[in-house]
Amino acid sequence: MALDRTVLRDQIKDLIIERILDGTYASGERIVEMTLATELGTSQAPVREALRDLEAMRFIESVPYKGSRVRALSTDELAETYPVRATLEELAGTLAAARVDDDLLGQLENALEGMRRSARAGNVHDQLAHDVRFHELIVEAAGNRILLEAWRALRIEARTLVSVIKSDADLLQIADTHRVILDALRDRDEAAAGKQLRAHIELFGATLDRDAG
Amino acid sequence: MTLQRSVMRDQIKELVIQRILDGHYRPGDRVVELQLVHELGVSQAPVREALRDLEAMRFIESEPYRGARVREVTPGELNETYPVRAALEELAGQCAAARADDRVVELLEQQVRLMRESAAARDQHGLLVHDARFHEIIVETAGNSVLLESWAGLRIEAYTLVSLITSHLDLAAVAAAHAPIVEALRRRDAGLTGKVLRDHIEHFGSTLIGGTHHA
């Protein structure tokens with residue numbers, strides 16, 4: 001395989017998530033590192049790294065002496081994340097709009113540009129990283145540590161990854177949906193920033209529902 | 001001391017929290033079990049249990065071989081909880097209104113009754129337990145496990161305790177403040193339930209912010 005190891009690791013990760021979501025791996029099922037490496041014709045290292053990532057994302061759990069097992073993760077859990085995320089980000093947007101400065105606006109522009117660049121290159125993983133960073137910047141700018149902690153506990157990255165894999169969303173279009181949020185923050189419009197963020201998250205929640213249904 | 005062990009444990013817990021909030025114990029300070037035992041003239045068991053509770057509430061942290069130390073708990077951190085809690089409970093109220101059946105309304109009424117009884121007996125801890133349970137029933141009824149997890153992560157019990165200790169709230173008024181929430185749920189009015197819950201949390205948030213300034 002001509003792929004380098006990080007790309008391989010990401011691909012193995014996506015494959016396992018897909019198998020969990022489509023039921024190929026049932027919850028509680030063991031995932032054996034060696035079996036997977038043999039099946040995919042790779043070495044064990046990228047498989048091990050992918051499994052470690054998936055454990056951090058709580059898709060799988062490892063039990064001492066028993067290896068890795070698939071955690072129960074339902075579409076319900078994903079669907080349930082969206083209203084909570086919408087609520088937290090609406091609050092974040094409202095608070096951040098009152099505290100926004102040029103430095104933050106510059107960083108948000110960079111994240112948005114990163115999303116567009118990755119979208120054009122068709123790189124889902126980079127796109128996702130910039131997308132998550134865009135939202136994280138806003139939640140950080142809100143200046144409320146409890147809010148930031150609650151938001152991080154939602155494991156946005158893991159759950160967003162699942163949504164992207166499940167829906168064949170247009171990446172460039174996703175990138176561009178962030179523009180109105182940035183505009184509201186630039187205007188220091190607290191209500192609009194909160195409202196745009198809520199609408200943005202709810203839109204993706206609805207997309208997921210439609211694809212799942 | 002004629003106090004029962006669980007009451008003692010609660011009192012020791014409150015004393016330590018009080019000392020953290022008034023700066024007597026500073027972040028990083030060690031909280032030594034034996035020292036508290038001698039100072040308070042109690043046995044080690046309730047002190048150990050109180051410290052365990054405080055660790056679960058994340059007021060202190062214990063490190064192997066180094067004992068318990070005070071975590072940084074700032075009024076800022078306390079004040080930051082309220083807007084997050086208000087937002088999450090507004091969502092919980094909206095979702096719960098559509099799903100609250102007679103049994104849920106009955107469970108909530110029971111908690112309000114227990115809160116009133118605790119208030120009448122000047123039992124701060126009883127009030128705290130039933131207050132936290134009241135809100136938890138609503139968040140459970142919302143039927144969203146992610147919301148429940150997020151809400152539970154806010155350490156509601158810890159912060160409610162802190163607000164009761166620092167703000168000298170009228171206990172009967174705290175109990176009574178829950179009645180409009182039950183009423184909104186009884187009407188299955190999602191918008192109203194969300195709003196009264198938000199107002200309820202924001203009201204106590206502002207009381208606490210006022211309270212800590214004087215403390």
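Hydrogens, waters and symmetry mates are skipped; everything else that's a heavy atom, side chains included, is used. Letters A, B, ... mirror the listed sequences (proteins, then strands); counts begin at 1.
- Heavy atoms of Ser145(B) lying under 4.5 Å from chain A belong to its backbone as well as its side chain.
- Dense packing is recorded around CD of Glu55(A), with more than 12 heavy atoms of other residues, nucleotides or ligands lying under 6.0 Å away.
- Residue contact with chain B, scored on non-hydrogen atoms closer than 4.5 Å, involves the side chain of Leu91(A) exclusively.
- At a heavy-atom separation below 4.5 angstrom, chain A is approached by Ala87(B), Leu88(B), Leu91(B) within residues 86-105 of chain B.
- A 4.5 Å side-chain heavy-atom check between Asn144(A) and Pro83(B) finds at least one atom pair inside the cut-off.
- In this structure, Glu80(A) contributes its side chain and Asn144(B) its backbone to no donor-acceptor pair below 3.5 Å.
- Considering all non-hydrogen atoms of both residues, Arg145(A) and Glu80(B) come closest at N-OE1, 2.8 Å.
- Contact residues of residues 175-190 of chain B toward chain A are absent (heavy-atom distance under 4.5 Å).
- Expressed to the nearest 0.5 Å, how far CD of Glu149(B) lies from CG of Leu154(A) amounts to 8.5 Å.
- Contact of Glu90(A) with chain B is not made at all, since no heavy-atom distance falls under 4.5 Å.
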